[in-house]
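The block underneath contains the structure these notes are about, expressed in structure tokens.
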Number of protein chains: 2
Amino acid sequence: MPEERLPQPDVADIELSKLLQALGDPVRLHLFRVYAEGGEYHCSAEGLGVDHLHKSTVSHHMRVMREAGLTTTRVVGRNRYVSLRRGELDERFPGLVGALLGALEG
Amino acid sequence: MPEERLPQPDVADIELSKLLQALGDPVRLHLFRVYAEGGEYHCSAEGLGVDHLHKSTVSHHMRVMREAGLTTTRVVGRNRYVSLRRGELDERFPGLVGALLGALEG
DNA sequence: CCGAATGTTGGATAGGTGTCAAACAGTGCC
DNA sequence: GGCACTGTTTGACACCTATCCAACATTCGG
């Protein structure tokens, strides 16, 4: 069976205002930084720094990020592996992700 | 009398999540692009592209942008001249404004 | 002084949002 | 089959927000 992914917008359909709105929340901005370190994270992974939030709240935030085009979600069994669409974002908005990460580190 | 400005956060106090939230609205993202062309604009200036909105709505958007740290507002008589805090933003978040503008032009 | 112009403020309203809780669905394990 | 685990969905709730309108404050020009 082919690898299954949750629905996500095509790169060309990503709207900048929706992307920025998705990042305009402290929790999602934090997740963005974590995802940017590379690799995949399932929703209950430790080190995400969202332990204080209800699992349904985390699920909500991940959906917002995915629908904004920031992340992609691979479904494996009962886990969903989330990762940043770094390559596609860099292609569509050159330098943006890098500048955002730099701003987060500052 | 010294030049008067509306209250605005100090550069060091600008929060990235608030800045992104301010830009996460189509109207304000449009204003951001216009302001980035340089110069000052008073609220009823033509060419702002917000003619379809009520003046109080425009006033609201400008306040959000100012309080997020994006813009500065100089008060002259009954006019308020708004401009992007480009230099300070570049100092605090290097490359971010440029990447955003590039993303808007793409 | 009076009227026109520029914005701001407050109310009203409809819709969006972040959060939790409970119920549900699918999956893996014994 | 039955239970635990992972995550989604729905509802509820409080809060925020984008918009318009009306009223107001301030300022400029006769």
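Each chain gets a letter, A, B and so on, in the order the sequences are listed, and its residues count up from 1.
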In whole angstroms, how far is the C1' atom of C:dT27 from the CD atom of A:E4?
12 Å
Could you pull out all donor-acceptor pairs under 3.5 Å where a side-chain atom in residues 70-81 of chain B meets a protein atom, sequence neighbours excluded?
from: B:T71; atom 1: OG1; to: B:R66; atom 2: N; distance (Å): 3.4
from: B:T72; atom 1: OG1; to: B:R5; atom 2: NH1; distance (Å): 2.9
from: B:T72; atom 1: OG1; to: B:Q8; atom 2: OE1; distance (Å): 2.6
from: B:R74; atom 1: NE; to: B:E40; atom 2: OE2; distance (Å): 2.9
from: B:R74; atom 1: NH2; to: B:E40; atom 2: OE1; distance (Å): 2.5
from: B:R74; atom 1: NH2; to: B:E40; atom 2: OE2; distance (Å): 3.3
from: B:N79; atom 1: ND2; to: B:Y81; atom 2: OH; distance (Å): 3.4

Shared hydrophobic cluster, B:I14 / B:L31 (ILVMFWY, side-chain heavy atoms < 4.5 Å):
yes
Between B:C43 and B:L48 the two heavy atoms that sit nearest each other are O-CD1, 3.5 Å
Quick check for you: to the nearest 0.5 Å, what is the distance between [X] atom [atom1] and [Y] atom [atom2]?
X	Y	atom1	atom2	answer
A:L16	B:L100	CG	CG	6.5 Å
B:Y41	B:M62	OH	CE	11.0 Å
A:H60	A:S56	NE2	OG	9.5 Å

In the 5' to 3' direction, the nucleotides of DNA chain D bounding the stretch that comes under 4.0 Å of a heavy atom in chain A are D:dA4 to D:dT9
Output yes when a side-chain donor or acceptor of B:H30 lies under 3.5 Å from a complementary backbone atom of B:D25, and no otherwise.
no
A:R92, CZ atom: more than 12 neighbouring heavy atoms under 6.0 Å:
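Counting neighbours around CZ of A:R92, more than 12 heavy atoms of other residues, nucleotides or ligands fall under 6.0 Å, so yes.
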Per-nucleotide protein contact string for nucleotides 4-16 of chain C (B base, S sugar-phosphate only, - none; heavy atom under 4.0 Å)
BBSBBB-------
